[in-house]
Amino acid sequence: MTENNIILASKTVSKNFGGLVAVSEFDFEVPEHSIVSIIGPNGAGKTTFFNCVTGFYAIDQGDILFYGESITSKSPDQIAQLHIARTYQNIRLFSNMTAIENILLGMEPDLHSHWYGAILNTPGTRAEEEHAVEEARRLLKYMGLVGSGDLLARNLPYGDQRRLEIARALANQPRILLLDEPTAGMNPQESTETMRLIQRIRDDLGITILLIEHDMRVVMGISERVTVLDYGAKIAEGTTEEIQRNPQVIEAYLGRGAATGLETTSADS
Amino acid sequence: MITKQSIQLRTPLRFGIIAGVVSVCASAIGLVVLFSERELIAGVITMGQILIFAPTAALAYIAARDHAEGQRGIALLYGSLTGVISGIPSALLILLASAVNLRQFMPNVSPALIEILSFGLPPVAGSLAFLAAMTAVGLIAASFSLLPSNIKRPIFNGLLWTFTIGLFSENISSRVRFFFGSEFNKLIFTGKALDPFVAALIFFLAAGLTVWQGRRQTTHTEPEGVSTSRKSRLRWMTYAGVVVTLLILPLLLGSYLSEVLNNVGLFILMGLGLNIVVGFAGLLDLGYVAFYAIGAYSMAVMTSQGPLGFGLSFWAALPFCVLMAAFAGLMLGIPVLRMRGDYLAIVTLAFGEIIRILVLSDLLKPVLGGAQGILKIPKPEIFGLVLKQPEQFYFVILAGVLIAWFVSWRLSKARLGRQWLAMQEDEDVAEAMGIRLVTTKLLAFSFGAAFSGLAGALLASKLTSIFPHSFKLEISINVLVLIIIGGLGSLPGVVIGALILVGLPELLREFAEYRLLMYGLLMIVMMLAKPEGFWPSQIMKRELHIDEESEMLSAEAGD
Amino acid sequence: MKKLFEKIEYIDLFLWLIRAAIIIIVIWGTVATILDNPYSTRQWTDFVIFGVAQGSMYALIAIGYTLVYGVLFMINFAHGEFFMSGIMTSTVFIAGPMAATGFLNRHPIISLLIIALFSMLVSVGVAILTERIAYKPLRKAPRLVPLITAIGASLFWQNFYRGMLGSNVKPFPQFDILAGSIPLLGTQVLKTHIAVVLVTIIMLIGLNFFIMRTKTGKSIRAVSEDKDVAALMGIDVDRAITITFATGAAMAGIAGVLFALVFRQVHFFMGFTPGIKAFTAAVLGGIGSVPGAAIGGLFLGLFESIGPSLFLQSLGIPAFNQLKDVIAFIMLVLVLIFRPQGILGEPLAEKKA
Amino acid sequence: MPMLELNDVHAYYGNIHALKGISITVEEGEIVTLIGANGAGKTTTLRTITGLLKPRTGSVILDGEDLAPYPAHKIVYKGVAMVPEGRGIFSKLTVRENLDMGAFSRSDVDGIKQDLERAYELFPRLKERESQISGTLSGGEQQMLATARALMARPRLMLMDEPSMGLAPVLVESVFDIIQEINKEGTTILLVEQNAHMALQIAQRGYVLQTGEIVLSDSADGLRKDPMVQKAYLGME
């Protein structure tokens, strides 16, 4: 893993909201083809960091690099064009559009037809659209959503909505995929499935994954590296084992009680 | 009297008061007198009377149907109580008017109104008679509610058809005279209203048809799968039918009705444009009339043969007018790109007003003629034929509408349409998908403005002279209401909305002064009862029936 | 600073051009006017005083927009009609007959109080009716929907009054005690203008007391922050919202009386322009903020009264006073584009993701 | 008769089935905790108790009375107060005004005064900042304010939604101490927590929620020893 390039890097990134520090001097790197997790208590600034990366928030200080090039000043649509895709903590599908339409929207960076082409219904426009729909159906199949294509997103069951959101992000053909609590609200079995799915996405498609997650089973199960945020600042970083042993992490996040538990388990092993 | 526990006097009291207030207001604002001129059935009933009795009838019906819990006696009691109570305000009005000269305060409480309300009787007798009439209406409505539905429906349909035909008898009569001669016309119509005998005939015909249809539906059911070839043949036949109808329509309708249709057409054109901005892209634009004005003034300045014009031909100027409007859409669109929702509405409204004031001002008078407007705008010419008559101009407007429709339809099915809908639903996520909001929004503004500019250009040429007062805020609201009534985002909805909101009032000309009142009411009622419109697009139908889903996630999880 | 430059797109460029153009016009016009010096100091003072009086009325109406926006995040488009309905009704049914019988000038204070009270009551009644029927059922609907019913309600009331009371302009009787002017600030100030300013100040103080000190006022502020939590405190949210509408309408009712005193005539369409202007004032001051509405109103009034003479006259624009409303509207547009939070508003929350 | 009883409560947001038959009871004087992951339905459960969300089926019964006909603001008058998630203080109001709002449901001036003094006794920091705009308070102070505000209603049952969320560990401890103290003074407490460890230390009983269902209920000790709870909520592998 050492020869991996750094796909995403954050250099002393800070973000304030009217005096409230949401992210402070955050230094962080994501190697290509890895699965990296950010954990931390609610309000620690994880989602804020995602919003900074994807261009929703203008950061107050620092720089965010994608393959070594600054993307700090880019707008969300430009960032999507760079093939950086994300999902949202509270599912944000286009709920009144069909699953297929949602995926087609995810493909925006690769679609180029123009309005005049649409009015004249040119062969090029038609071909692009047909190709896109075909591709969308393939993605639905990959995500196990066959048959849901023409349903409205909001009529899909909860778990399927989560998966559709990931499918929509995949339609972007991302080089890095930012997942914000993909297993929130899932039962343990669904969580496990999602965990496998994330691993499969990385292994099959070679997409780098940056993950925010509360479910420690998922985090510890698939991450190669874990970064812990608290009050917007990084308090620890390392492999899953290192994080689990880190006293600061236990204090701030995993809980004091967990410490005793972890000590016993580590004594066991 | 009140022995049974289930009698709840609150319902008839409430309904009675509501109906009473509504009908007394209809009287006091002058609608009743105005509509009394319009007889539905000669010597039997006028539109004004319908207006007085309809609220009572409707509410008595509901009171009896929904609140009597199936007990006949109570239903009738509720109905008549609702009737009596609803009669009180107007009865008081009659008495009051005999004592005080109300007219100095409320100009529409005229002797004519009192005469109508009191059936020409002296005040006390008149008010009692009015109470009695209202009670009777309540009682009849309540008994009607007790009838089984297979009797109710034919009666209802019969009345509906009779009254509808009665309402438009003036227009129908003129067509009948044109095609079948005035002798035949006299058989059906007495003056401008339906002959009572014919009215009865229509009633029984419509009722009979309803019964027959009901029977047919219960006996035959349509075979499930109609073969695809038959289906497509059917579809083509429908298309052909529509095309033929559209082509011969002006011949059937004659000059006056064609003119009405032309006005409807212009509003359809504007509606299609605003539908792109509001219905597709979700940008609420209240200054839409600005583009209409820009289109019209561009046409006027370029073609007018007066001192302010360049004297170009209609066809040479037309594309330029559309481009001008589209460009204006772009220019006005840029500053408001970052605004959302109601702020956008207010700013666009301000834009509309700015344009109107500027047009009216002395500043631009040398160019646009100020309040005197621009005159001598020529009508279009095709192969040397000047399209003077409304029946001829109709085809120009029809062509415009068809083009706008086609463009709207194609765009809605394409990538751009998808982008608009996504943007309407969630701007942030749409942007995160890689959609350039700037381009997408500006395209919506420009297309909307272009259609409106086209409508304006056609208007200028149709009227041959234009004045700033034709471009009031009213127009923007008109267009907005018509697309809402039809159903936001729905193309057929635009046509339906324009027919209802522009066509109907033109046929009921005395209505003119009250048009905006009705619009206001319609907007409120529509939003409360059927926010998706009469012919909803699939999207709006879905969207307006979500409950509080979005609340849920924010309540459950937060970072 | 470097980042700022990187972020500039052609849209920003366009906006900067607009800014520059406006600034140039304003400076050029002002300088030219100062050089021309077409008015005496006394005339300028007159402009200012008229501006303050006009601004006071805007401020009172703007309160209604700001309060409702603060609680419901909705632009109550029909608010101008609340303003119109009160004074229209009391002019026709109270002030008119009072003047005709001579009561008005025999007991001017009592008459004025009765007119004001009645005007407030009608405005409040119309507001409550509108809120209950047209807005309340739509609390959870997408934002477009209540906005449309508000436009509908506005059209309805306008035309309802037109039908009910006639479309002609109705004179508002003259109060003898308010006729004429008194010397002040080196000029003659109309008594009505002084009355307007005084009444406005009293109303604003009263309103401030109500909002800041009373239990109901505090509950309104609580509801405007978080409806759910307010309900958890035992606050009846629907009632608080109704009271909010009523409070705004009461202010509008008083504004109507002041308007009638100054312009001495009323008609059914009188709510539209002051309505939009007052909304502009509310936005200018920072919508949601009560002191903002007051300051915004004052500012707009002054701007409108001085602006055309100061900026436009010396640019050689014919009949520049016709463009008074254009100035107000342009100001609205500029504020919304460049400083949507207004003068006193807090910076708007950044985009939520 | 239990003080609070939820019988097979099903609640929906739109067509999302958020609570799938929740039944819990709280006896007078107890501290009961609901633990579970994000999105398990803990907050939703509290919302159905306070009337902010009405159950589609099932009933919420307080002191033997079904709460279905009462809107949220009426339920407060029955002695239920809530400390909402994320504090939910009125940040533009002063500290004192927030406390006044807490006592909105009461009209006994003397009693309110007493309770205000008691609140200031319990949280001296709040007295210092009485006239400060509460949005400027620190996270811990805001939590104190939210708790004090709920106490101002003199509730018999207090619902607390994640009182430890976003607080520094030191503060978390003091918050839990105060909860215990409030309870000792006679207020029944239903506590929703992600910090299961702390919650189980002070509660007598607890319920474990998972995707809208109760999967486990036991005494606090019993839950602490349960292997599933240890693994999923106490971070023990």
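Quick caveat: nothing in here was measured; it's all calculated off a predicted structure. Throughout, a chain's letter reflects where its sequence line sits, starting with A, and its residues are numbered from 1.
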Under 4.5 Å from a heavy atom of chain B, the part of C:I18 involved: side chain
Select one option (side chain, backbone, both, neither) describing which atoms of C:P97 are under 4.5 Å from chain B's heavy atoms. side chain
Is there side-chain contact between B:L337 and C:F14, with at least one heavy-atom pair below 4.5 Å? no
Engaged part of C:L336 at the chain B interface, taking heavy atoms whose separation is under 4.5 Å: both
Under 4.5 Å from a heavy atom of chain C, the part of B:L31 involved: neither
Of the backbone (N, CA, C, O) and the side chain (C-beta and beyond), which part of C:L15 lies under 4.5 Å from a heavy atom of chain B, both, or neither? side chain
For a quick test of reading the model, state the closest non-hydrogen atom pair linking B:I524 to C:T149 and the distance between them. CG1-O, 3.8 Å
Quick one: CG on B:L286 to CG on C:L147, what's the gap to the nearest 0.5 Å? 6.5 Å
Counting C-beta onward and ignoring hydrogens, is there a side-chain heavy-atom pair between B:L349 and C:F77 closer than 4.5 Å? yes
Among B:V347, B:L516, B:V525, which has the most heavy-atom pairs under 4.5 Å with chain C? B:L516
Is C:I148 close to chain B through its backbone or its side chain, or both, or neither, when contacts mean heavy atoms under 4.5 Å? both
Within the structure provided, determine whether C:D325 and B:E353 are in side-chain contact (heavy-atom separation under 4.5 Å). no
Which heavy atom of B:I29 sits nearest a heavy atom of C:M164, and at what distance? CG2-N, 3.6 Å
Gap between atom CZ of B:F351 and atom CG of C:L332 - 0.5 Å precision: 9.5 Å
Name the member of B:M527, B:Q104, B:R515 that forms the most heavy-atom pairs with chain C at distances under 4.5 Å. B:M527
C:Y161: ring-ring contact (aromatic ring centres under 6.0 Å, His included) partners, not counting sequence neighbours: none
Pairwise distance CG(B:L528) to NZ(C:K136) - rounded to 0.5 angstrom: 12.5 Å
Are there more than 12 heavy atoms of other residues, nucleotides or ligands under 6.0 Å from atom CZ of C:F93? yes
Measure C:Y69 against the heavy atoms of chain B and call it side chain, backbone, both or neither at under 4.5 Å. side chain
Considering all heavy atoms of both residues, which atom of C:V333 and which atom of B:A350 are nearest to each other, and what is their separation? CG2-CB, 4.1 Å
Tell me, side chain or backbone of C:L334 under 4.5 Å from chain B's heavy atoms, or both, or neither? neither
Start with the C-alpha distance between C:I151 and B:M523, add both sets of side-chain angles, then the distance that settles side chain to side chain contact (heavy atoms under 4.5 Å, CB included), and finish with yes or no. CA-CA 8 Å; C:I151 298 172; B:M523 281 164 96; 3.6 Å; yes
Is the shortest heavy-atom distance from the side chain of B:I346 to the side chain of C:V283 under 4.5 Å? no
Of the backbone (N, CA, C, O) and the side chain (C-beta and beyond), which part of B:M526 lies under 4.5 Å from a heavy atom of chain C, both, or neither? neither
Checked B:P335, B:S361, B:C25 vs chain C; the most non-hydrogen pairs under 4.5 Å come from B:P335
For a quick test of reading the model, state the closest non-hydrogen atom pair linking B:Y519 to C:L155 and the distance between them. CB-CD1, 4.1 Å
Who passes side chain to side chain donor-acceptor pair (under 3.5 Å) against C:N159, sequence neighbours left out? none
Please round to the nearest 0.5 Å and tell me the distance separating atom CG of B:L473 and atom CZ of C:F272. 4.5 Å
Looking only at non-hydrogen atoms, find the nearest pair between B:L517 and C:F160 and report the distance. CD1-N, 3.3 Å
